[in-house]
Amino acid sequence: MLERSSVSLPYGMATVQELQDRLRRPLAAELAAGCHDRIVAGGLEKLLASPLAGPFPQVREVLRGYAGMEAGARAEALRAALGVLDGAGKKGPGRASQPAPKPAVPQAAPGERLAIDAPVERLNTGPGGPRKLASLGLHTLRDVLHAYPHRHEDRRALPDLSQVEDGQKVTVMGTVVSKFRRTPRPGMLILEVVLETPSGGRVKASWFNQPWVEKGLREGARLVLTGRAKKFGRQTQLAVEHLETVDAAQDSLSTGRIVGVYDAKEGISQEFLRRAAHRALETAPPDDYLPAHWRKKYGVTDLADALWGIHFPRDEAHLRRANTRLKFDEYLFLELRMLLQGEDAVLQGKRFEARGDDIHRFEAALPFRFTNAQRRVLLEITDDMRSDRQMARLVQGDVGSGKTAVAACALYLAVRDGYQGALMAPTEILARQHYANLAGYLGQLDVRVGLLIGAMAPKAKLEMQTRIAEGDVDVVVGTQALIQENVRFDNLGLAVVDEEHRFGVQQRRRLLAGRPDVLVMSATPIPRSLALTAYGDLELSIIDELPPGRTPIETKLIQDVHRQQAYGFVMGQIRQGRQAFVVTALIEESENLEALAATQLAEDLRAILPEARVDLLHGKMSAAEKDAVMERFRAREFDLLVSTTVIEVGVDVPNATVMVIENAERFGLAQLHQLRGRVGRGSAQSYCVLIAGETSLKTRKRLKIIEGSTDGFVIAEADLKLRGPGELRGTRQSGIPDLRLADLANDEEIIVQARELAKHILAHDPRLEHPRLGYLRSELQNRSQSVAYREVI
Ligand code: ADP
Ligand code: MG
């Protein structure tokens, strides 16, 4: 919910960078989906007319008349628009012509060594340099050194153009020998250059409707171009995605080597950033905060070698070495931070008896027996409860694996020991659902269960708060209201938090401050490597077994040309008295667009399925509106719920037997699995239909995994492996701090080592006081202040 509200800031408050990101996503999605103009409800041009596109007149220009274009032209126009958004930094006119302010700080004399915390003004970066760096959030030399390239390009040798395959992404460099401009029809401009490469090869490069590029394309200019190759017989053409003009005098940093490409923006060139990094490396060679014997033990290179290697690798081995070391550091500092934060919590907590006969009493009251997995996790929990330490444990398990039942047992034990318990849910409707479940489990055992949510009448709320404060209620279920409003517990012993990622780390810490034992439940089956990092301060318990007798959900992947059949099937289920979910395409970070898409789809479905009662749920609705729709759906007041991904969280509608996911290719597998978990909650056979709008082999392969498995952990691992390194969307979603180099799918070994070292360091020196660790301590403090770590503090 926090994430949601930060997304719906009015446009006026967003930075251009943010707007650029928000605009890029639907455009990229449209391109990926085959340019059918179906991504944006009402058509792409609606989006262009919105304030979102306001700051990007060039994008509007390129995409003007989109609806009337043919597929090929659409794709080209989209690529051009994306090029504008991505490349704004390199192609913009820049503001370097303004007179440079006089440097207030004396710059480093040649050969002078600077401290790593020196301000960037001390670095000789030319007129306006410090201002440019500051605009990227780089204020000290340390910032510059740790602003790593987001990718590297091999510019050591030109690819042999005759070997380049159609569709391959290549980087070429050379000199412009001729230039053409064509206007095949009004409003369309094609710029082409023929580039001669050092080996004498020729390649034709083209730009579609990007008039501003023209200025940099004079004959004789030296260019580095990256783009997709198209083969026409022996001729190679390049649809350019990334353009750099290289100044011959400075080219040693930008050509003839493996070159880093940095996050930049309007008016800041790649060359400038490379030069700044180079200067920083030369003037402030960093002191290594890792003593040599540890480097040796963990097989990592020294810091200077690593920083040179990430910015200016000599070869692939150097780059690999650099990556390993810098990743190791990221994990090390993250683990140190987690452990240091957890330090107080380890000292004091509640001490429960958690008697075995109470466990038996609880189980005897259940209509079922615990599974082995539940039993094992319960043992892990009771061990924690019986110790003096404050419990901080994450229970992971698929939807329906029985987490809530286990948590209910733990709450019962706490109550039997004379404490109160609390359960926090991310939404009111989930709070009500948990309340009903807990009342079912605990009511018959003489435990008084109460509900506290924002929607209650002030009088009822006050009454509940009084009962909580007076110890008149044993277990309270609620939303954040439980920690946000003035709720005083008489004697809180155990807090259970459902769906951790929705709360974020901040709130969890607030809860911990009250010193109850804490149990976090998450249905997101995070692979262990990722969990170690995301929840470095939590112990992990996994329920990896479903209760017996569940009928697996049948999943079917279909092409969107067979959409009608899919909805025919849905109608069949509805006629049998069942209900269905339909989830629309994910348009990341644009709730407005998502809402539009869902509204549009609901209208379509009302037309296609006139017999069905259709209603709608999306993120632009208030919490109360959403809850009301869900309540009506649960009460079977309508048949088909069209929704954005807001239904991802665990609402139970046992009568719903079909989940249709439109544009399934746009979701991560883990997310598809979560969505699918919305059905199959009753006894009837349930179905999930994945409608794929795109047919690439890679996409099919990905979606086949979901079709073939219902094991959340298998799926999550596969999902992580299939995403390329660097695509960390999934991690951001789970609220993990932004690790710059991390590739969580493949870093398990490094994570384990970094964790081991972090534990070792603190075991011997809990406050990092030894002089030998001075650099380590100051690096830790510095990283804690940087953006990357803000979330964890
Ligand atoms: P989760 O919280 O992991 O989604 P729940 O604890 O809500 O799972 O359990 C899902 C459903 O399965 C509930 O209806 C619950 O009563 C039932 N259940 C839980 N554990 C078992 C078990 N060991 N055997 C049979 N049914 C179970
Ligand atoms: Mg649950």
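Counting starts at 1 for both ligands and their atoms, in listed order. Starting from 1, each residue takes its place in the sequence as its number.
- Ligand-side atoms of ligand 1 in range of Y441: 15 (C), 16 (O), range being under 4.0 angstrom from any heavy atom.
- Ligand 1 places these atoms under 4.0 Å from at least one heavy atom of R369: 22 (C), 23 (N), 24 (N).
- Side-chain contact between M424 and D498: absent, with no pair of heavy atoms (C-beta onward) separated by less than 4.5 Å.
- The ligand atoms of ligand 1 that sit less than 4.0 angstrom from a heavy atom of T371 are 23 (N).
- Residue D398 has at least one heavy-atom neighbour below 4.0 Å for each of these atoms of ligand 1: 3 (O).
- No N or O atom of F368 sits closer than 3.5 Å to an N or O atom of ligand 1.
- Ion pairing between a basic and an acidic side chain is recognised when a charged N comes within 4.0 Å of a carboxylate O; R613 and E637 show no such pairing.
- Between Y687 and F569, the ring-plane angle classifies as perpendicular under the 30° and 60° cut-offs.
- When side chains are defined from C-beta on, R355 does not count as touching L413, because their heavy atoms never get closer than 4.5 Å.
- The shortest N or O to N or O distance between T404 and ligand 1 is under 3.5 Å.
- A salt bridge links E363 with R375: the closest approach of a Lys/Arg side-chain nitrogen to an acidic carboxylate oxygen falls below 4.0 angstrom.
- Atoms of ligand 1 lying under 4.0 Å from any heavy atom of Q374, numbered from 1 in the order shown and given with element: 19 (C), 20 (N), 22 (C), 23 (N).
- Between P547 and ligand 1, no pair of N/O atoms sits closer than 3.5 Å.
- Considering backbone and side-chain atoms alike, P548 places every N or O at 3.5 Å or more from each N or O of ligand 1.
- Ion pairing between R393 and D383 fails under the 4.0 Å rule for side-chain N and carboxylate O.
- Within the 4.5 Å cutoff, side-chain heavy atoms of L605 are placed close to those of V642.
- Within ligand 1, the atoms closer than 4.0 Å to a non-hydrogen atom of F370 are 23 (N), numbered from 1 in the order shown.
- In this model, no donor atom of one side chain and acceptor atom of the other lie less than 3.5 Å apart for S387 and R351.
- Remark: distances from the non-hydrogen atoms of I543 to ligand 1 are all 4.0 Å or more.
- The closest approach between a heavy atom of S401 and any atom of ligand 1 is below 4.0 Å.
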